[in-house]
A.B. asks: 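For reference, the structure I am asking about is given below.
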Protein chains: 2
Amino acid sequence: MFPLIGNVPKNIKTNQVDFCCLFEKYLIIYQQLLTAALKRHQITIIDIARELNLSKSTVSRALTGHPKVSTATREAVLALAEKLDYQRNMIAFNLVTSKTLTIGIIVPEFVTSFFPQVIIGAQEAAAKAGYNIIVSQSNESYETEVANAKVMLANRVDGVLVSLSKETRNFDHLKIFQRKGIPIVFFNRVCDEMQVPKVVVNDYDGAFSAVEHLIQTGKKRIAHLAGPDSLIISRQRLNGYLDALRKYNQPIVEELIIPYDLTTGKVKIYVNHLLALKEPPDALFAINDPTAIEAMQIIKQKGLRIPDDMAVVGFSNDYASALMEPSLTTVAQPMREIGSTAVQLLLDQMDRDVANWKAVTRTLKAELIIRGSSRPLATAPPV
Amino acid sequence: MFPLIGNVPKNIKTNQVDFCCLFEKYLIIYQQLLTAALKRHQITIIDIARELNLSKSTVSRALTGHPKVSTATREAVLALAEKLDYQRNMIAFNLVTSKTLTIGIIVPEFVTSFFPQVIIGAQEAAAKAGYNIIVSQSNESYETEVANAKVMLANRVDGVLVSLSKETRNFDHLKIFQRKGIPIVFFNRVCDEMQVPKVVVNDYDGAFSAVEHLIQTGKKRIAHLAGPDSLIISRQRLNGYLDALRKYNQPIVEELIIPYDLTTGKVKIYVNHLLALKEPPDALFAINDPTAIEAMQIIKQKGLRIPDDMAVVGFSNDYASALMEPSLTTVAQPMREIGSTAVQLLLDQMDRDVANWKAVTRTLKAELIIRGSSRPLATAPPV
DNA sequence: CTGTTAGCGCTTTCAT
DNA sequence: ATGAAAGCGCTAACAG
């Protein structure tokens with residue numbers, strides 16, 4: 001039998017019968033291959049190899065920029081690949097190299113602008129290193145997060161970036177990555193239980209300076225709409241709040257600290273509750289911008305003036321916060337930088353051996369941006 | 001030679017030498033396999049097969065829920081798979097079935113809330129059908145869009161959802177999908193040149209009713225900050241604007257229609273220009289919400305009252321638009337529904353043969369939401 | 001019901 | 001510099 005793929009045998013007999021027979025066979029094979037290619041709708045290395053009368057391996061080498069290929073061959077292959085619009089089948093490539101060049105990102109949501117921005121930063125950094133990103137959202141649900149992790153695992157991502165859902169208290173689904181040697185990096189909502197790299201901002205300092213600022217503007221009863229206790233960021237920000245009060249010898253009033261589980265709709269209840277207190281607060285430090293914004297709407301509806309009757313400060317510097325009336329004072333997080341840093345940490349780990357993984361924690365700077373929702377008109381800077 | 005994988009040969013000789021030899025060989029093989037597995041950090045079908053003394057195919061069948069497997073075998077396999085935390089290698093699965101169960105989405109950006117919401121809708125619909133989503137953003141750049149398309153192609157997505165960048169005028173990079181038999185569905189920013197399914201909203205009607213509303217509130221000089229001419233949505237919305245003016249016999253004033261290429265920062269120039277006109281407009285219909293919001297900030301800075309001096313209407317009902325002061329009148333798009341409908345159309349195509357693809361265009365409803373930025377205080381509804 | 005075999009498209013030794 | 005062959009992990013067609 002003649003070789004299906006590869007060189008045409010050099011010693012073709014010129015004997016007519018032989019040649020006809022040979023030709024016929026080749027014709028059939030050719031047609032079969034053609035049909036197959038059409039059916040696949042894909043150009044493969046074999047198609048190029050057949051056309052150029054080369055072996056698969058040579059074509060592969062030419063395509064991957066292997067040094068030991070003659071210039072003529074390389075150029076011919078590249079030209080034909082271009083012409084035929086050949087795209088390397090990443091699936092097969094992945095199977096062989098057991099690399100997918102893909103980074104998975106699991107975020108709790110991307111409705112507010114925080115996570116989309118982080119993702120953009122991550123995507124840009126990943127693209128530079130030749131990696132793709134696949135994103136999935138846990139919807140703040142533990143179950144979904146576990147499912148997402150399974151999908152990432154099945155898709156054999158080369159690494160994952162995770163920001164935990166508010167429900168997550170068990171981390172087995174994430175420890176699997178470690179066990180399988182897939183690097184994992186936490187960002188924003190991190191996990192103390194796992195010894196892996198993390199990217200956070202100095203939530204404590206941010207919260208501290210926010211509350212300090214409120215105190216300095218003369219506020220005496222500062223309320224805090226805190227985040228769910230499960231999240232470290234909630235606790236950090238709460239601590240910043242408490243320590244600022246302590247530093248300035250303000251009493252810590254239990255009824256002014258309300259833990260909030262981030263469920264939409266509950267802000268209204270809490271703010272109304274705060275406003276109905278015998279001694280209502282004169283300022284509010286909210287766990288994040290969406291919460292602060294929602295609170296502002298309610299406060300304004302009540303006819304209270306912001307910041308005079310009630311100052312408000314948020315956290316993150318969401319897209320909408322500068323657009324409010326008054327604009328929202330907030331602690332800005334370097335969102336894109338969080339994404340790119342997380343990817344960087346991931347790439348670092350992928351380069352080195354499992355044994356050399358280091359659980360560095362990179363803390364980025366969160367900075368207070370003072371805007372109208374907390375700046376008393378009296379102390380406004382002169383024009 | 002003994003079979004590496006599969007049953008242990010039944011007729012093992014009890015002859016000591018033979019047995020020792022056999023055992024030794026198996027030991028070496030076993031250790032090799034073990035090392036390989038450890039190195040791979042992955043549990044494969046072979047690991048399960050070896051452990052349970054079954055063939056690969058049986059394990060595969062048990063795992064995939066094939067009917068012709070004994071209950072005992074299935075349970076044993078499933079139990080071990082669970083215990084070993086086996087995850088099917090999707091890469092290999094994809095290679096064999098030439099399906100990736102992945103849908104690619106190319107969007108121009110996801111900074112504003114429109115595309116994230118569409119993606120959420122798409123992701124939910126896709127998840128229901130067992131598909132994953134991979135998202136990439138073109139950044140409003142044609143070059144990047146082409147690169148993104150190539151990535152999707154190389155990753156062998158089963159289908160793509162595309163919303164064009166503002167720069168895209170050539171569609172060769174997307175026609176490749178068609179040629180390869182990969183279904184493609186456009187949404188929001190569609191392309192007339194390609195005969196494929198599309199999901200749009202009735203931009204014309206939305207724009208028409210927005211402008212009609214402005215006219216009915218007594219506005220006489222309505223400006224339009226139009227989108228780039230390359231986008232069909234821009235033209236549709238412009239036409240709605242024009243026809244509304246015509247219907248009410250208002251003159252069409254060239255200087256009040258400004259095409260805007262969506263570049264950040266330019267809104268300020270245009271709005272200032274409009275306000276500096278000899279006869280400045282008394283209302284503004286903006287191509288989308290971010291533009292309208294930016295315009296509102298500038299108008300307010302100038303000390304003009306909204307809507308009395310200048311009414312503003314946007315398009316899309318972004319997250320921030322309800323939070324403005326005054327809140328922004330806008331034409332709401334069913335964002336999640338756009339995403340889920342697009343996925344639905346894609347799945348429909350994947351089911352049928354290429355020959356039976358139909359280029360349906362699904363038009364969803366865009367509805368005017370009247371808010372403070374256009375509601376004259378005089379005509380405000382009684383409390 | 002179960003085992004054997006042959007690929008999916010690609011890379012990578014090992015020959016030549 | 002090039003070709004042949006093995007194999008990545010899985011599924012599916014074909015035999016028992």
Side-chain angles (χ1 to χ4, degrees), chain A residues 3-10 32-33 36-37 39-50 52-77 81 86-101 154-156, chain B residues 3-10 32-33 36-37 39-50 52-77 81 86-101 154-156:
Chain A
L4 285 191
I5 305 305
N7 287 329
V8 176
K10 265 95 189 176
Q32 284 174 346
L33 289 170
K39 205 172 153 195
R40 283 197 316 270
H41 295 285
Q42 284 184 16
I43 304 295
T44 70
I45 280 191
I46 294 187
D47 299 311
I48 296 178
R50 195 177 50 251
L52 258 38
N53 206 0
L54 289 166
S55 72
K56 290 186 289 177
S57 36
T58 306
V59 174
S60 170
R61 278 190 275 257
L63 251 20
T64 50
H66 202 282
K68 290 185 178 172
V69 186
S70 75
T71 321
T73 311
R74 166 173 293 117
E75 280 174 4
V77 170
Y86 166 81
Q87 299 282 344
R88 168 207 266 143
N89 186 331
M90 288 308 284
I91 308 297
F93 173 86
N94 295 339
L95 186 59
V96 171
T97 60
S98 67
K99 287 203 141 281
T100 53
L101 298 179
N155 278 70
R156 296 294 193 271
Chain B
L4 284 191
I5 304 305
N7 286 329
V8 176
K10 265 97 189 176
Q32 283 173 350
L33 289 170
K39 203 172 153 195
R40 283 198 315 271
H41 294 285
Q42 284 185 14
I43 305 294
T44 71
I45 283 191
I46 294 188
D47 299 312
I48 296 179
R50 193 178 50 252
L52 258 37
N53 208 1
L54 287 167
S55 73
K56 288 186 291 176
S57 40
T58 306
V59 175
S60 171
R61 277 191 277 260
L63 251 20
T64 51
H66 202 281
K68 293 184 179 173
V69 187
S70 75
T71 321
T73 311
R74 166 172 293 117
E75 280 174 5
V77 170
Y86 167 81
Q87 298 283 343
R88 169 207 266 143
N89 185 332
M90 288 307 285
I91 307 297
F93 173 86
N94 295 338
L95 187 58
V96 172
T97 59
S98 64
K99 286 200 143 284
T100 53
L101 298 179
N155 276 71
R156 295 295 192 271

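Order of the sequence lines sets the chain letters (A, B, ...), proteins ahead of strands, with each chain counted from 1.
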A.B. asks: Can you give me the closest heavy-atom contact between B:N155 and A:I91, atom names plus distance?
C.D. replies: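 Heavy-atom minimum between the residues: O-CD1, 4.0 Å.
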A.B. asks: Is the phosphate of D:dC8, meaning OP1 or OP2, less than 4.0 Å from a side-chain N or O of A:S98?
C.D. replies: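 It does not, given that no N or O in the side chain of A:S98 lies less than 4.0 Å from OP1 or OP2 of D:dC8.
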A.B. asks: If you check the B:V69 side chain, which of D:dT11, D:dT2, C:dT2 turns out closest?
C.D. replies: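 Of the options given, the side chain of B:V69 lies nearest C:dT2.
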A.B. asks: Which comes earlier along DNA chain C counting from the 5' end, the contact point of B:P67 or that of A:F93, where each point is its nearest nucleotide?
C.D. replies: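 First, find each residue's nearest nucleotide; the 5'-ward one identifies B:P67.
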A.B. asks: So, OP1 or OP2 of C:dC10: does either fall under 4.0 Å of a side-chain N or O from A:Y86?
C.D. replies: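 A:Y86 to C:dC10 OP1/OP2: side-chain N or O found under 4.0 Å.
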A.B. asks: In Å, rounded to the nearest 0.5 Å, how long is the span from OH of A:Y86 to CG of A:D47?
C.D. replies: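 So the OH of A:Y86 and the CG of A:D47 are separated by 9.5 Å.
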A.B. asks: To the nearest Å, give me how far apart CG (B:L63) and C1' (D:dG9) are.
C.D. replies: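 Spelled out: CG on B:L63 to C1' on D:dG9 is 12 Å.
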A.B. asks: Roughly, in whole Å, what's the span from CG in B:N94 to P in C:dC10?
C.D. replies: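 To the nearest whole Å, that distance equals 14 Å.
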A.B. asks: Does B:S70 have a side-chain nitrogen or oxygen under 4.0 Å from the phosphate oxygens OP1 or OP2 of C:dT2?
C.D. replies: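 So the side-chain polar atoms of B:S70 do come within 4.0 Å of the phosphate oxygens OP1 or OP2 of C:dT2, strictly under.
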A.B. asks: What is the distance, rounded to the nearest whole Å, between atom CZ of B:R156 and atom C1' of C:dC10?
C.D. replies: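 Interatomic distance, CZ of B:R156 to C1' of C:dC10: 11 Å.
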A.B. asks: Rounded to whole angstrom units, what separation is found between the NE2 atom of A:H66 and the P atom of C:dC14?
C.D. replies: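 Between P of C:dC14 and NE2 of A:H66: 13 Å.
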A.B. asks: Side chain to side chain contact (heavy atoms under 4.5 Å, CB included) with A:V59: which of A:T73, A:L54, A:T64?
C.D. replies: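 Going through the options one by one, the only one that passes is A:L54.
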A.B. asks: Please report, rounded to the nearest Å, how far the C1' atom of D:dA4 is from the CD1 atom of A:I45.
C.D. replies: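 The answer, rounded to whole Å, is 15 Å.
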A.B. asks: Any idea which heavy atoms bring B:I46 and B:K56 closest together, and the distance?
C.D. replies: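 Smallest heavy-atom distance, with atoms named: CG1-CD, 3.7 Å.
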A.B. asks: In whole angstroms, how far is the P atom of D:dG3 from the CZ atom of A:R50?
C.D. replies: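 Roughly 15 Å, once rounded to whole Å.
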A.B. asks: Do any side-chain nitrogens or oxygens of A:T58 fall under 4.0 Å of OP1 or OP2 in D:dG3?
C.D. replies: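 Answer yes for this pair, as a side-chain N or O of A:T58 is under 4.0 Å from OP1 or OP2.
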A.B. asks: Check every atom of D:dA12, C:dG7, C:dG9 against the side chain of B:V96 and return the nucleotide holding the closest atom.
C.D. replies: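 The nucleotide sitting nearest to the side chain is C:dG7.
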A.B. asks: If you check the B:L54 side chain, which of D:dG9, D:dT11, C:dG3 turns out closest?
C.D. replies: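 The listed nucleotide nearest to B:L54's side chain is C:dG3.
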A.B. asks: Can you identify which nucleotide, out of C:dC10, D:dA12, D:dC10, has its nearest atom closest to the B:K56 side chain?
C.D. replies: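 Closest nucleotide to the B:K56 side chain: D:dC10.
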A.B. asks: Using modelled atom types and a 3.5 Å cut-off, is there a donor and acceptor pairing between side-chain atoms of A:R88 and backbone atoms of A:S60?
C.D. replies: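 Side chain of A:R88 to backbone of A:S60: no pair is present.
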A.B. asks: Counting side-chain heavy atoms from CB outward, which of C:dT2, D:dC10, C:dC10 is closest to B:R61?
C.D. replies: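 Shortest atom-to-atom distance from the side chain points to C:dT2.
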A.B. asks: Heavy-atom nearest nucleotide on DNA chain C for B:T97 versus B:T73: which residue maps closer to 5'?
C.D. replies: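 The 5'-side residue here is B:T73.
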A.B. asks: Choosing from D:dA12, D:dT2, C:dT2, which nucleotide comes nearest the side chain of B:K68?
C.D. replies: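 Nearest to the side chain of B:K68 among the choices is C:dT2.
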A.B. asks: Could you please name the option among D:dC8, D:dT11, D:dA4 that lies closest to any side-chain atom of B:S60?
C.D. replies: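 Comparing D:dC8, D:dT11, D:dA4 against the side chain of B:S60, the answer is D:dT11.
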A.B. asks: If only side-chain N and O atoms of A:R74 are considered, is one of them under 4.0 Å from the OP1 or OP2 phosphate oxygen of D:dA1?
C.D. replies: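 For A:R74, the contact criterion (side-chain N or O under 4.0 Å from OP1 or OP2 of D:dA1) is not met.
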A.B. asks: Can you tell me how far C1' of C:dG3 sits from CG of B:N53, to the nearest Å?
C.D. replies: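 Interatomic distance, CG of B:N53 to C1' of C:dG3: 12 Å.
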A.B. asks: Going from CD1 on A:I43 to CG on A:N89, what distance comes out if it is rounded to the nearest 0.5 angstrom?
C.D. replies: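 Here the interatomic distance stands at 12.5 Å.
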A.B. asks: Round to the nearest Å and state the distance from B:L95 atom CG to C:dA6 atom P.
C.D. replies: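 Rounding to the nearest Å, CG of B:L95 and P of C:dA6 are 18 Å apart.
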